[in-house]
Amino acid sequence: MEYTWHLILMAALYVATGIFHLSKPELYYKIIPSFFVYKDFINFMTGFLQILFGVSLLIPQYKSVAASSIIILLILIFPSNIYMVLNKKARLGLPLWLLIVRLPLQFALIYWAYQYVT
């Protein structure tokens with residue numbers, strides 16, 4: 001199988017983000033909406049799944065299911081992006097305009113992952 005640069009980039013993005021979830025969990029606890037309990041479990045699973053799906057993108061027989069799983073994960077974590085916009089304490093010091101611009105980025109990431117669903 002030949003890997004395209006954009007597939008490698010996507011895989012690296014999810015693996016790196018997953019590692020960051022696991023290495024800096026306190027950062028992510030702030031952006032998980034307050035009505036969720038077990039923030040440590042949610043953060044761990046999000047990081048673990050990002051690593052798993054990122055690696056799986058590079059395994060030909062798992063690429064489609066990994067991309068589909070990334071789409072589902074992006075939909076499930078979207079409330080955290082909205083929470084960051086609505087809750088000043090969850091903004092991590094980022095400007096509000098950047099967080100608002102970031103919302104449509106989720107849809108671009110979903111579209112990008114969809115390109116690998118067969």
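Values in this document were obtained by computation on a predicted structure and should not be read as measured data.
Under a hydrophobic-cluster definition in which Ile, Leu, Val, Met, Phe, Trp and Tyr are linked whenever side-chain heavy atoms come within less than 4.5 Å, directly or via other members, L92 and W97 are assigned to the same cluster. Under the 4.5 Å side-chain contact rule for hydrophobic residues, V37 and M45 share a cluster. In the hydrophobic clustering of this structure, Y83 does not group with V101; members are Ile, Leu, Val, Met, Phe, Trp, Tyr whose side-chain heavy atoms approach within less than 4.5 Å, directly or through other members. Using a 4.5 Å cut-off between side-chain heavy atoms of Ile, Leu, Val, Met, Phe, Trp and Tyr, with links allowed through other members, L57 and L9 fall into the same hydrophobic cluster. One hydrophobic cluster, built from ILVMFWY side chains closer than 4.5 Å, holds both V117 and L74.
In this structure, CD1 in I72 is found 10.5 Å from CD1 in I110, a value given to the nearest 0.5 Å. Put simply, CD1 on I70 and CD1 on I75 are 12.5 Å apart, with the number rounded to the nearest 0.5 Å. Interatomic distance, L99 CG to K88 NZ, rounded to the nearest 0.5 Å: 12.0 Å.
Counted within 6.0 Å of NZ on K30, heavy atoms from surrounding residues, nucleotides or ligands total 12 or fewer; the atom is thus considered open. More than 12 heavy-atom neighbours from other residues, nucleotides or ligands sit within 6.0 angstrom of CZ on F35. Heavy-atom neighbours of Y114 OH from other residues, nucleotides or ligands within 6.0 Å: at or below the threshold of 12.
Between the S56 side chain and the Y62 main chain, no donor and acceptor come within less than 3.5 Å of each other. For the pair Y3 (side chain) and L58 (backbone), a donor-acceptor distance under 3.5 Å is present.
The shortest distance between side-chain heavy atoms of L105 and N81 does not fall below 4.5 Å. The closest side-chain heavy-atom distance from M10 to Q115 is not below 4.5 Å. For the pair V85 and L96, the minimum side-chain heavy-atom distance is below 4.5 Å. Looking at L7 and K63, their side chains come closer than 4.5 Å, going by heavy atoms from C-beta outward. Side-chain atoms of Y116 and H6, non-hydrogen and from C-beta on, do get closer than 4.5 Å to each other. Looking only at side-chain heavy atoms (C-beta outward), L13 and W112 come within less than 4.5 Å of each other. In this structure, Y28 and I42 have side chains that are not in contact, with every pair of non-hydrogen atoms separated by 4.5 Å or more. The closest side-chain heavy-atom distance from H21 to I51 is not below 4.5 Å.
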Inset, instruction - Carefully, step by step, assess R102 and L98 under the rule side chain to side chain contact (heavy atoms under 4.5 Å, CB included). - result: CA-CA 6 Å; R102 184 174 168 242; L98 181 62; 5.6 Å; no

Inset, instruction - Start with the C-alpha gap between F107 and F78, add the side-chain angles, then the distance that decides, and say whether ring pair (Phe, Tyr, Trp, His ring centres under 6.0 Å) holds. - result: CA-CA 10 Å; F107 298 104; F78 193 71; 5.6 Å; yes

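Nearest heavy atoms, A11 versus G54: CB-O, 3.2 Å. Closest heavy-atom contact between K39 and I32: NZ-O, 3.0 Å.
A side chain to side chain contact (heavy atoms under 4.5 Å, CB included) with Y14 is found for one member of L109, L73, L49 and no other, namely L109.
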